[in-house]
**Student:** 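Below: one structure in structure tokens.
Throughout, numbering of the chain's residues begins at 1 and tracks the sequence.
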Amino acid sequence: MATSSQPPTSVTAPPKPTWSPEPHRRPAPWLRPTIRIRLALLYGGMFLMAGIVLLTIIYILAANTLKEAPEFRVFGSNVRVGNISCPDLPSVGTVDEINSAIGSCIRDQRAMALHSFLNRSLIALVGLTVVAFAFGYAMAGRVLSPLGRITRTAQRVAGSDLHRRIELGGPDDELKELADTFDEMLDRLDRAFESQRRFVSNASHELRTPLAINRTLLEVQLADPEASPELQQLGKTLLATNERSEQLVEGLLLLARSENKVVDKRPVDLSEVAAQAVDQSRAEAHGKGVEFRGVRGQVFVQGNGVLLERIALNLVQNAVRYNVPEDGWVEVSTEPQPGCAVLVVANTGPVVPAYEVENLFEPFRRLRTERTGSDKGVGLGLSIVRSVVRAHDGTITAQPREGGGLVMRVALPS
């Protein structure tokens with residue numbers, strides 16, 4: 001029987017997407033092109049242009065007036081002239097010499113007068129321009145103060161404080177109309193979120209109670225020594241199914257809660273959170289022959305400790321469960337970056353196509369080989385991680401490793 005002589009094909013990893021942990025840095029307040037600064041620049045610039053045009057017109061009129069002034073002439077053969085304001089005027093000379101000297105003196109006096117007039121006008125223009133810019137900035141701030149109230153209210157609402165309202169008074173203008181519209185939108189959002197909170201609370205009770213009753217009945221039945229082996233096996237199967245349903249319910253409830261912003265933030269050591277996740281997963285990793293690696297340096301972030309622990313635990317558990325059968329490893333490390341702290345969880349495992357990476361963060365989505373018949377989870381782990389990271393104003397990215405596996409990076413503001 002002939003065998004194929006073709007060499008085995010090697011699987012190559014797809015190209016790695018780019019990733020940068022650098023957080024977005026907002027410019028300094030005085031460098032931002034705010035509406036107030038733009039209005040002040042527009043008002044001051046218009047005043048400056050009007051002042052320059054007015055100064056040019058006055059200068060031209062003054063120059064024409066001085067040019068049309070009558071000139072003095074001397075008639076006679078020999079004249080003696082006193083030197084008063086023209087130092088270069090000769091005291092004795094011919095009529096032509098005296099007239100030429102007087103004309104030159106008058107022209108110099110006109111030039112000096114225009115130069116002095118121009119210098120004083122420029123100084124006055126600069127002073128008035130500074131005053132105009134300051135006045136324009138103050139007036140723009142007064143006009144735009146309602147927008148400042150709207151912005152501050154929106155920032156508080158972004159922190160999950162939906163009970164805030166603008167309640168802007170004053171004339172019924174465009175800004176008041178905008179504030180009233182924003183208040184109406186907040187009322188609708190507040191009612192929607194309150195309805196969601198009540199639904200989550202009711203669903204938590206309605207879904208957990210029957211599952212807990214089923215688990216208790218199954219455990220009691222399994223503890224019966226007179227139960228047949230077939231009944232024992234059926235009980236274990238139903239108990240595993242019930243446990244999977246409980247995990248699904250807990251994941252859905254946590255996913256619903258973690259969509260909101262975290263208001264009560266406290267300093268949390270990210271390395272300690274990562275170490276606890278490793279300790280909780282060590283038994284499962286030992287059973288699968290997975291080795292833990294990595295250096296966890298101390299770095300603090302502002303957030304909720306329980307939710308941050310859920311981030312690390314879900315990432316570490318996924319890295320352990322989706323690994324190679326032999327000689328697998330999971331590297332968990334924490335490190336500080338400019339303006340943020342980074343948690344990195346890398347593992348060996350199957351080759352992940354680059355186009356499948358984003359789908360892993362969607363609820364109930366797995367790789368094609370793990371979509372059905374998998375006992376590794378309910379498909380909500382990375383969805384919960386992304387929701388919790390967003391609630392902490394952080395970012396999470398994933399990139400395939402060469403040879404298989406993933407590198408998960410979580411950047412949280414410090």
Side-chain angles (χ1 to χ4, degrees), residues 23-73 81-90 98-156 158 166-182 338-339:
H24 176 67
R25 298 179 180 179
R26 299 184 64 182
W30 285 101
L31 298 179
R32 294 178 58 202
T34 59
I35 298 179
R36 184 177 184 180
I37 293 178
R38 284 185 288 175
L39 285 177
L41 292 176
L42 179 62
Y43 178 82
M46 293 177 62
F47 178 85
L48 178 62
M49 294 298 298
I52 292 175
V53 173
L54 180 62
L55 178 61
T56 303
I57 295 174
I58 295 176
Y59 182 83
I60 294 175
L61 293 177
N64 291 334
T65 301
L66 291 176
K67 186 181 296 183
E68 295 173 358
E71 296 185 356
F72 297 95
R73 286 188 172 275
V81 181
N83 188 2
I84 300 175
S85 60
C86 296
D88 296 333
L89 187 65
I98 294 298
N99 287 332
S100 177
I102 290 175
S104 178
C105 178
I106 292 175
R107 288 191 296 272
D108 292 341
Q109 291 294 329
R110 289 176 180 174
M112 291 178 60
L114 288 175
H115 184 70
S116 177
F117 169 76
L118 182 60
N119 289 339
R120 294 178 181 179
S121 300
L122 287 177
I123 293 174
L125 180 62
V126 171
L128 290 176
T129 301
V130 173
V131 173
F133 274 104
F135 180 75
Y137 188 80
M139 291 302 297
R142 184 177 180 84
V143 172
L144 297 176
S145 58
L147 288 180
R149 289 183 57 182
I150 295 175
T151 302
R152 289 189 293 271
T153 304
Q155 290 174 348
R156 295 189 184 99
I166 301 173
E167 297 178 351
L168 184 65
D172 189 11
D173 54 6
E174 293 83 359
L175 292 178
K176 190 175 187 305
E177 182 180 1
L178 174 63
D180 293 341
T181 304
F182 193 77

**Student:** Counting C-beta onward and ignoring hydrogens, is there a side-chain heavy-atom pair between Met49 and Val53 closer than 4.5 Å?
**Tutor:**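 In short, these two side chains do not touch, never coming nearer than 4.5 Å.
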**Student:** Quick check: are there more than 12 heavy atoms from other residues, nucleotides or ligands sitting under 6.0 Å from CZ of Phe135?
**Tutor:**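 Incorrect, the count does not exceed 12.
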**Student:** Leu54: which residues meet the side chain to side chain contact (heavy atoms under 4.5 Å, CB included) condition with it, sequence neighbours left out?
**Tutor:** Ile58
**Student:** What residues, two or more places apart in sequence or in another chain, satisfy side chain to side chain contact (heavy atoms under 4.5 Å, CB included) together with Ile123?
**Tutor:**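 Ile123 satisfies side chain to side chain contact (heavy atoms under 4.5 Å, CB included) with no other residue.
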**Student:** Between Val131, Thr129, Val130, which is the residue that forms a side-chain contact (heavy atoms from CB on, under 4.5 Å) with Phe133?
**Tutor:**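 Testing each of Val131, Thr129, Val130 against Phe133, the sole residue satisfying side-chain contact (heavy atoms from CB on, under 4.5 Å) is Thr129.
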**Student:** For Leu55, which residues count as a side chain to side chain contact (heavy atoms under 4.5 Å, CB included) partner, sequence neighbours excluded?
**Tutor:** Leu118, Ser121, Leu122, Leu125
